[in-house]
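Data first, discussion second: the structure below is written as structure tokens.
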Amino acid sequence: MNDDFLRALPKAELHLHIEGSLEPELVFRLAQKHGVTLKYPSVEALRAAYDFSDLQSFLDIYYAGADVLRDEQDFFDMTWAYLERAQADGVVHTEIFFDPQTHTARGLGFEVFMPGMKRALDAAREQFGMTSRMVMCFLRHLSEEDAFATLDASAPYRDWITAVGLDSSEVGHPPGKFERVFAKARELGLLTVAHAGEEGPPSYVWEALDLLKVSRIDHGVRSEEDPALMDRLIAERMPLTVCPLSNVKLCVYDTMAEHNLKRMLDRGVMVTINSDDPAYFGGYVLENFRQTQAALALSDAEMARLARNSIDASFLPDEEKAVHSARIDVLLAEAT
Ligand code: ADE
Ligand code: ZN
């Protein structure tokens with residue numbers, strides 16, 4: 001395997017929860033800074049708790065971890081740490097998800113977390129030339145009313161937000177629950193994405209497409225169970241932001257070798273590789289590329305296709321996509 005090649009490929013990360021990039025070391029540092037008592041005695045003990053049986057078992061720990069984020073600098077530090085890691089992995093563009101309701105429910109307003117994240121994204125643009133977008137996610141286990149209130153509260157920061165998304169506990173909370181909120185977001189000029197088909201059934205992917213009018217499906221791996229849905233995803237070149245290490249950690253697949261990513265790629269689905277919540281799932285985006293290539297015996301040309309898909313599926317303008325795509329051509333020509 002050619003690790004330098006995988007690293008050098010220009011990659012866009014399209015499915016990254018910034019709160020899921022909070023490493024245990026930073027959790028402990030921030031807990032100490034703010035005098036927060038943690039349930040675990042050490043970094044090692046906290047990391048040892050990252051042994052999940054499903055999505056909910058992860059979310060419980062993920063929301064508890066985010067409780068140490070208390071001021072603007074904390075959001076800067078978390079975001080900056082992610083951006084440094086992403087840059088080292090060859091990420092040239094990132095579209096980060098953030099969960100306002102995780103913070104507003106604790107009494108933190110948009111004026112605390114938005115500037116912290118934005119300052120880090122601006123610094124990455126200046127220092128690394130890395131471009132970015134922000135995607136505001138609604139927690140689907142909460143009510144439609146709460147999502148509307150979140151959309152309203154985000155108004156002063158509208159120019160910083162490119163799209164809205166939908167995350168948290170999937171089963172029992174179909175995309176249709178948020179049809180009206182997403183319609184309002186689209187009226188405001190925002191794009192839309194949604195988690196669907198991670199643990200939930202293919203019908204949730206249909207709803208995300210038909211009711212929420214999404215530009216991409218986050219995860220979407222269960223689409224494979226529905227041949228008509230697969231045909232539609234292929235015909236519409238609908239991107240799936242797949243997160244292989246996440247899927248194994250959350251027991252969607254028992255092993256990486258059983259992952260359906262290669263089958264979907266072979267069928268012509270526009271698959272991308274992403275890290276989801278890298279601090280919790282054992283690897284950032286390059287590690288996802290590496291382990292996927294090794295487990296599924298993908299060629300360098302297939303890895304280049306995955307990188308190119310990520311660029312094409314991003315919200316970058318066409319001219320910037322073309323620059324990254326041309327670089328992928330050069331790297332692939334050199335490698336073969
Ligand atoms: N929030 C953070 N990671 C998530 C995931 N993989 N699925 C749903 N909600 C999430
Ligand atoms: Zn996710």
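The figures that follow rest on heavy atoms only: side chains count, while hydrogens, waters and symmetry mates do not. Order of listing sets the numbers, starting from 1, for every ligand and every atom in it. Small disclaimer: the values here were computed from a predicted structure and weren't measured.
- When only modelled atom types and interatomic distance are considered, R106 and Q101 share no side-chain donor-acceptor pair under 3.5 Å.
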Exercise for the section: Decide yes or no on ring-ring contact (aromatic ring centres under 6.0 Å, His included) for H17 and H195, but give the supporting numbers first. Expected result: CA-CA 12 Å; H17 302 264; H195 284 56; 5.0 Å; yes
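- Where the criterion is an N or O separation shorter than 3.5 Å, residue side chain and backbone included, H15 fails it with respect to ligand 1.
- Proximity of E198 to ligand 1, defined as any heavy-atom pair under 4.0 Å, is confined to the side chain (atoms from C-beta onward).
- Short contacts between ligand 1 and F58, defined as distances under 4.0 Å to a heavy atom of the residue, involve ligand atoms 2 (C), 3 (N).
- Those atoms of ligand 1 that come under 4.0 Å of a heavy atom in L59, given as number and element, are 1 (N), 10 (C).
- Remark: minimum distance from atom 4 (C) of ligand 1 to any protein heavy atom is reached at H17 NE2, 3.5 Å.
- Distance from atom 6 (N) of ligand 1 to its nearest protein heavy atom, with residue and atom name: D276 OD2, 2.7 Å.
- No N or O atom of D99 sits closer than 3.5 Å to an N or O atom of ligand 1.
- Here H15 contributes NE2 and D276 contributes OD1, and at the Zn ion (ligand 2) these two atoms make an angle of 80°, given to 10°.
- Closest to atom 3 (N) of ligand 1, if we only count protein heavy atoms, is D277 OD2, 2.7 Å.
- The shortest heavy-atom distance from H219 to ligand 1 is under 4.0 Å.
- With ring centers used as reference points, H103 lies under 6.0 Å from F75.
- By the 4.0 Å N-to-carboxylate-O rule, K249 lies too far from D276 to be salt-bridged with it.
- Neither the backbone nor the side chain of F97 has a heavy atom within less than 4.0 Å of ligand 1.
- Within 6.0 Å of atom CD in E236, more than 12 heavy atoms from other residues, nucleotides or ligands are found, so the atom counts as buried in its surroundings.
- Between R290 and D3 there is a salt bridge, with a side-chain nitrogen of the basic residue lying less than 4.0 Å from a carboxylate oxygen of the acidic one.
- Side-chain N/O atoms of E198 and N247 include no donor and acceptor closer than 3.5 Å.
- Contact between S168 and ligand 1 is present, with at least one heavy atom of the residue lying under 4.0 Å from the ligand.
- Counting heavy atoms closer than 4.0 Å to ligand 1, residue L55 contributes side-chain atoms (C-beta onward) but none from N, CA, C or O.
- Atom numbering of ligand 1 starts at 1 in the shown order; those under 4.0 Å from a heavy atom of H195 are 5 (C), 7 (N), 8 (C).
- Checking only distances, S246 never comes within under 3.5 Å of ligand 1, N or O to N or O.
- Each of F281, Y280, Y40 was checked for a ring-ring contact (aromatic ring centres under 6.0 Å, His included) with Y50, and the lone residue meeting it is Y280.
- Between H17 atom NE2 and H195 atom NE2, the angle centred on the Zn ion (ligand 2) amounts to 90° (nearest 10°).
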Problem - Test salt bridge (Lys or Arg N to Asp or Glu O under 4.0 Å) applied to D329 and R308, step by step - result: CA-CA 9 Å; D329 288 339; R308 197 189 310 276; 2.8 Å; yes
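- With a 6.0 Å radius and a threshold of 12 heavy atoms from other residues, nucleotides or ligands, R237 has its CZ atom at or below the threshold.
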